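Quick note on labels: first sequence line is chain A, next is B, and so on, each numbered from 1. Excluded from the calculations below are hydrogen atoms, water molecules and symmetry mates; all remaining heavy atoms, backbone and side chain alike, are included. No experiment lies behind these values; they were computed from the predicted model shown.
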2 protein chains.
Amino acid sequence: MKQPTICPKFEKAISLLSQRWTALVIYQLLLGPQRFNEILSSIGISGKVLSDRLKELEYQGLVKREVIPETPVIIEYSLTEKGQSIEPILRTIENWSQLWVKEESDSTEN
Amino acid sequence: MKQPTICPKFEKAISLLSQRWTALVIYQLLLGPQRFNEILSSIGISGKVLSDRLKELEYQGLVKREVIPETPVIIEYSLTEKGQSIEPILRTIENWSQLWVKEESDSTEN
DNA sequence: ATACTTACTTACATAAAGTAACTTAATTAG
DNA sequence: CTAATTAAGTTACTTTATGTAAGTAAGTAT
């Protein structure tokens, strides 16, 4: 019964990053500020969930939502400093994936 | 319409790691080989999902399930080399969490 | 006036996760 | 010997998360 107990900060980080789509949304925003529909069509997420994720990420301070008063108005999402700070994590995953992930063969062989 | 298209290996890695509990199970196994109930009680996962995750991780080649024929039999889960190779990812997250995650205050203040 | 675009929201359907009880085999307690 | 306990799961059922598709409001284009 002497579990070392997992660090709550680490757990919080994990639960954020292991929500479906969160990492990909951030990854996409690393390419630069983007609008709702751009993110939507760049990854396979649904509008409903993207909307949820962006709100959550904004709430967590990783993403900034900016209303640009051109006509018509443009709504732009971008990473905050905290959001940018996720980059090394994603690069490490990217790296790992190149070394260890086999590409799915989508031929009919089974 | 010229989405650069996300690398399928990276996407596969993300979809593996962003499954709930997967990262924590691996993190726990970094401490050494463990039995089902040890993992179960070290993180807040349910038996059903742990069972699913271990099967998936075994299938993906990250975890090895070993039946040790003592009496009574012991079933031990451990990381393969591929499983171990996830460590840098988790360390990067750990690091990030120390720098950027605020501990939840669980006092009654709101 | 009609149709289209952007940035969403809503209602409903399906999939994933949580809960708790149950199983099987073996072990120990009384 | 019988009852209770442990390990490693599984099963049935509930709740939560995600997906799908249609709808909305404001503005633009034709």
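Phosphate contact (OP1/OP2 of D/dA8, side-chain N/O of B/Arg35, threshold under 4.0 Å): present. Contact between the side-chain N/O atoms of B/Arg65 and the OP1/OP2 oxygens of D/dA8 is not found at any separation under 4.0 Å. Phosphate proximity of C/dT6 to A/Tyr77: absent, as no side-chain N or O sits under 4.0 Å from OP1 or OP2. Between A/Ser51 and C/dT9 there is a side-chain N or O to OP1 or OP2 distance below 4.0 Å. For C/dA15, the OP1/OP2 oxygens have no side-chain nitrogen or oxygen of A/Arg20 closer than 4.0 Å.
Rounded to whole angstrom, the span from the CD1 atom of A/Ile75 across to the P atom of C/dT5 amounts to 18 Å. Rounding to whole angstrom units, CG of residue A/Asp52 and C1' of C/dA7 are separated by 14 Å. Here C/dG18 presents its P atom at 11 Å from CG of B/Leu50, a figure rounded to the nearest Å. In this structure, the CG atom of A/Leu54 is 11 Å from the C1' atom of C/dA7, given to the nearest Å. Whole-Å rounding puts the B/Lys55 NZ to D/dT10 C1' distance at 8 Å. Computed from coordinates, the A/Ile39 CD1 to C/dC8 C1' distance equals 13 Å when rounded to whole Å. Between B/Glu70 atom CD and D/dA8 atom P the separation is 12 Å, expressed in whole Å. Between B/Gln19 atom CD and D/dT18 atom P the separation is 12 Å, expressed in whole Å.
Screening residues 68-88 of chain B for salt bridge (Lys or Arg N to Asp or Glu O under 4.0 Å), with sequence neighbours left out, gives B/Glu87-B/Arg91.
When each of A/Phe36 and B/Trp21 is assigned the nucleotide of DNA chain C with its nearest heavy atom, A/Phe36 is the one assigned upstream, toward the 5' end. Along DNA chain C, the nucleotide closest to B/Lys48 and the one closest to A/Ile74 are compared, and the more 5′ of them pairs with A/Ile74.
Following chains of ILVMFWY side-chain contacts shorter than 4.5 Å, one cannot reach A/Val63 starting from A/Ile68, and the two form parts of different hydrophobic clusters. Under the 4.5 Å side-chain heavy-atom criterion for ILVMFWY residues, no single connected hydrophobic cluster contains both B/Ile74 and B/Leu31. Hydrophobic clustering (side-chain heavy atoms under 4.5 Å, transitive across Ile, Leu, Val, Met, Phe, Trp, Tyr) keeps A/Val25 apart from A/Tyr59.
Within the 4.5 Å cutoff, side-chain heavy atoms of B/Glu11 are placed close to those of A/Leu24. Counting only heavy atoms from C-beta outward, the side chains of B/Ser85 and A/Trp96 approach each other to under 4.5 Å.
Residues satisfying the ring pair (Phe, Tyr, Trp, His ring centres under 6.0 Å) criterion with A/Tyr77, sequence neighbours excluded, are absent altogether.
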Show each protein N/O and nucleotides 25-30 of chain D N/O combination with a separation under 3.5 Å, one pair to a line.
residue, atom, partner, partner atom, Å
D/dT28, OP1, A/Thr71, OG1, 2.9

